[in-house]
Amino acid sequence: MIKIGNIELPDFPLLLAPMEDVSDPPFRRLCKMHGADMMYSEFISSEGLIRDAMKSKKKLDIFDYERPVGIQIFGGDEEAMALSAKIVEAVQPDVVDINFGCPVKKVVCKGAGAGVLKDIDLMIRLTKAVVNSTHLPVTVKTRLGWDNDSINIMEVAERLQETGIKALTIHARTRAQMYKGEADWNYISKVKNNPNIEIPIFGNGDVNTPEKALEYKQKYDCDGIMIGRGAIGYPWIFNEVKHFFETGENLPKPTISQRLEAVRQHAEWSTEWKGEKLGLIEMRQHYGNYFRGIPHFKDFRVKFLEVFTMEEMVEVIAETEEFYAEFSF
Ligand SMILES: Cc1cc2nc3c(=O)[nH]c(=O)nc-3n(C[C@H](O)[C@H](O)[C@H](O)COP(=O)(O)O)c2cc1C
């Protein structure tokens with residue numbers, strides 16, 4: 001069993017990564033259904049929360065069935081981070097997570113996200129500000145360092161632990177790598193094998209198959225794995241990995257009908273959460289992902305993109321199912 005504060009997770013938990021515009025309640029619900037052990041919200045701007053910005057507030061929505069769930073915040077100002085942690089606490093997630101990994105310029109420029117990888121003292125002050133302002137367990141997600149010449153995750157992990165955080169997720173890339181190149185998980189085992197480190201260390205970066213998950217589990221010694229892109233359009237990944245761990249065998253891939261049912265379910269929850277119009281507009285980014293690698297989907301994707309009501313959705317799903325009925329995948 002792995003513990004984050006008082007939260008008990010199964011041995012070697014699989015976590016859904018925080019992903020902007022992806023890890024919202026409807027998507028999280030699907031991932032939960034398919035075996036995610038813990039999940040994180042999209043990142044939320046601390047400044048936005050304080051300004052009471054609608055977009056930021058909406059991201060605070062969490063539901064009991066998805067627990068344990070963490071809400072992730074980012075920002076470069078101690079006071080704003082402390083205040084926003086209080087706002088987050090009011091909606092009672094299981095965990096507050098701090099993002100020190102976002103490589104995007106508009107975030108980094110404000111000294112937030114991966115920006116603090118160049119200023120570890122600031123990173124520690126920001127973390128302390130959050131830890132001291134909430135009763136909730138605080139976790140952190142970060143990268144290896146700013147660039148290849150300044151990898152500082154060993155020092156960062158020790159100093160973060162001293163602030164009182166309860167777990168650390170390491171995306172095994174530098175900021176300079178953005179999302180390119182391979183994640184270097186060797187650093188994750190180095191941190192994990194540091195005798196001073198007691199908090200759980202979760203590994204993140206590039207895990208998108210059961211085989212890779214098992215290889216990394218065996219090779220790099222971490223306490224669990226966080227999966228991001230591998231779950232987009234493919235929430236089945238969590239149960240697939242678990243099954244592979246247990247049996248060494250692959251579950252059958254989801255059929256076309258199962259993929260379509262996931263699309264329908266995702267769309268239904270999305271419309272429940274955001275309203276039919278916006279819910280279905282936001283679904284547009286997902287259709288292609290649910291059919292990654294499936295031939296002939298292009299024509300149907302166009303049809304899905306023109307869906308404006310759940311009624312139309314049901315029709316397009318039926319049409320797609322009929323077309324694929326003669327194929328054996
Ligand atoms: C579309 C997208 C949005 C993301 N948004 C966030 C975010 O809000 N907070 C965060 O900490 N990381 C974010 N990330 C990074 C992921 O959490 C994860 O660290 C990264 O994708 C590497 O893991 P993966 O190879 O399993 O995808 C995002 C990644 C993607 C692809």
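Order of listing sets the numbers, starting from 1, for every ligand and every atom in it.
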Got an N/O contact under 3.5 Å between Ile232 and ligand 1?
no
Going by the 4.0 angstrom heavy-atom rule, the piece of Tyr179 near ligand 1 is side chain
Axial cation check for Tyr187 ring with Lys190, 6.0 Å and 45° limits
yes
Would you please test Tyr290 and His266 for side chain to side chain donor-acceptor pair (under 3.5 Å) and show each step?
CA-CA 11 Å; Tyr290 279 107; His266 194 162; 2.7 Å; yes
For atom 12 (N) of ligand 1, which of the options Arg173, Met19, Lys141 provides the nearest non-hydrogen atom?
Lys141
Can we say Lys128 and Glu78 salt-bridge, meaning some charged N sits less than 4.0 Å from an Asp/Glu carboxylate O?
no
Atom 3 (C) of ligand 1 sits nearest the protein heavy atom Glu20 N, 3.2 Å
If you have a sec, work out which protein heavy atom is nearest atom 26 (O) of ligand 1 and how many Å separate them, to one decimal?
Gly228 N, 2.8 Å
Which atoms of ligand 1 sit under 4.0 Å from any heavy atom of Asp206?
24 (P), 25 (O), 26 (O)
Any donor-acceptor pair under 3.5 Å from Arg264 side chain to Met310 backbone:
no
Which residue holds the protein heavy atom closest to atom 10 (C) of ligand 1, what is that atom called, and what is the gap in Å?
Asn99 ND2, 3.1 Å
Salt bridge Lys192-Asp223, side-chain N to carboxylate O under 4.0 Å:
yes
Subset of ligand 1 atoms that lie under 4.0 Å from at least one heavy atom of Ala17
17 (O)
Look at atom 9 (N) of ligand 1 and say which protein heavy atom is nearest, naming residue and atom and giving the distance to 0.1 Å.
Gln72 OE1, 2.7 Å
Does the separation of the ring centres of Tyr324 and His296 fall below 6.0 angstrom?
no
Need the ligand 1 atom indices (1-based, order shown) with element for anything under 4.0 Å from a heavy-atom of Arg229.
21 (O), 24 (P), 25 (O), 26 (O), 27 (O), 31 (C)
Can the positive tip of Lys217 be found less than 6.0 Å from the middle of the six-membered ring of Phe12, inside 45° of the ring normal?
yes
Assess Gly205 for proximity to ligand 1: is some non-hydrogen atom of it under 4.0 Å away?
yes
For atom 23 (O) of ligand 1, grab the closest protein heavy atom and report residue, atom and distance to one decimal in Å.
Asn204 ND2, 2.9 Å
If you measure every N/O of Phe43 against every N/O of ligand 1, is any gap under 3.5 Å?
yes
Check: Pro18 N/O within less than 3.5 Å of ligand 1 N/O:
yes
Could you tell me whether Asp147 and Arg173 make a salt bridge, using a distance below 4.0 angstrom between a side-chain N and a carboxylate O?
no
Arg143 to Tyr179, cation-pi by 6.0 Å centre distance and 45° axis angle:
yes
